[in-house]
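Starting from 1, each residue takes its place in the sequence as its number.
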Amino acid sequence: MSSHMLNGQKSSATTSNSNSNSNNNNNNNKASSYYPPPTAKYEDIAQSSDLFWATLEAFHKSFGDKFKVPTVGGKALDLHRLFVEVTSRGGLGKVIRDRRWKEVVVVFNFPTTITSASFVLRKYYLSLLYHFEQVYYFRREAPSSSMPDAVSGSSLDNGSASPEEGSTINQLGSQG
């Protein structure tokens, strides 16, 4: 089990749910703790799908997240490709600011019946890859106090879009 800094104190990646304060800490664990150090270089992760998957799974496991690959259009979403496409354009914040999601979506060749592909990709990137991007692309040691909102491009305070511990379906946070 790895340790992280939580509100200035060292705590394990999985914490007790003995009271509501502890439960709130779990829900915002990534937002209020230091990230684990990177175990590989961005260039290596971008080139090797196997290394990407092993690193991503270990990253989520370090926070106690149950990680499940989402399906879009009846097929498993290629998170490696999504990560590479977004980071090759400067990362999530830049893709949102520069309105480049269409470029990312086109790469996936989704059926035309999926009209919300841009929203869906942003949602999954935010919930599954944003913090990973911060460590492996930007080499950050701790989350910023805000992160880009997948829909509007504005900020969500304290990373409220982090998936809840133990969740298998990742959804956007509802704080605002």
Q) Can you tell me if Glu85 uses its side chain to pair, donor with acceptor, with the backbone of Val107 under 3.5 Å? A) no
Q. Should the pair Phe63 and Tyr35 be assigned to parallel (<30°), tilted (30 to 60°) or perpendicular (>60°) ring geometry?
A. perpendicular
Q.
Working note: Leu129 + Val86, criterion side chain to side chain contact (heavy atoms under 4.5 Å, CB included); need CA distance, chi angles, decisive distance, verdict.
A. CA-CA 10 Å; Leu129 297 172; Val86 171; over 6 Å; no
Q. Would a distance-only check, ignoring hydrogens and angles, find a side-chain to backbone donor-acceptor pair under 3.5 Å from His80 to Trp53?
A. no
Q.
Within this structure, what is the OG-NE2 distance for the pair Ser62 and His131, rounded to the nearest 0.5 Å?
A. 11.5 Å
Q: Evaluate the criterion side chain to side chain contact (heavy atoms under 4.5 Å, CB included) for residue pair Val104 and Arg89; output intermediate values, then yes/no.
A: CA-CA 9 Å; Val104 174; Arg89 290 168 173 81; 3.9 Å; yes
Q | Under 3.5 Å donor-acceptor, Tyr136 side chain and Thr39 backbone | A | yes
Q: Might you work through the side chain to side chain contact (heavy atoms under 4.5 Å, CB included) test for Phe83 and Leu56, ending with a clear yes or no?
A: CA-CA 11 Å; Phe83 179 73; Leu56 182 64; over 6 Å; no
Q) So which heavy atom on Ala117 is nearest to which on Val105, and how close? A) CB-CG1, 3.8 Å
Q: Identify the heavy atoms of Leu51 and Ala40 that sit nearest to each other, and give their distance.
A: CD2-CB, 4.0 Å
Q. Okay, side chain of Ser48, backbone of Asp44: is any donor-acceptor separation there less than 3.5 Å?
A. no
Q: With rounding to the nearest 0.5 Å, note down the distance linking CD in Glu57 to CZ in Phe132.
A: 10.5 Å
**Q.** Phe108 side chain near Ile114 side chain, heavy-atom distance below 4.5 Å
**A.** no
**Q.** Exercise: identify the closest heavy-atom pair between Leu82 and Tyr125
**A.** CG-CD1, 3.7 Å
Q.
Just verifying a value: how many Å separate Ser88 OG and Arg100 CZ, rounded to the nearest 0.5 Å?
A. 7.5 Å
Q) What's the shortest heavy-atom distance between Thr87 and Tyr137, and which atoms? A) O-OH, 3.0 Å
Q.
For a 4.5 angstrom cut-off between non-hydrogen side-chain atoms, does Gln134 reach Pro143?
A. no
(Q) Does Glu141, at its CD atom, have more than 12 non-hydrogen atoms belonging to other residues, nucleotides or ligands within less than 6.0 Å? (A) no
(Q) Rounded to the nearest 0.5 Å, what separates atom OH in Tyr42 from atom CZ in Phe52? (A) 10.5 Å
Q | Heavy-atom pair of closest approach, residues Val69 and Ala76 | A | CG1-CB, 4.1 Å
Q. Taking all atoms of both residues into account, what is the closest heavy-atom pair of Pro38 and Arg139, and its distance?
A. CB-NH1, 3.3 Å
Q: Apply side chain to side chain contact (heavy atoms under 4.5 Å, CB included) to Leu121 and Phe110, showing your working.
A: CA-CA 11 Å; Leu121 286 185; Phe110 291 124; 3.8 Å; yes
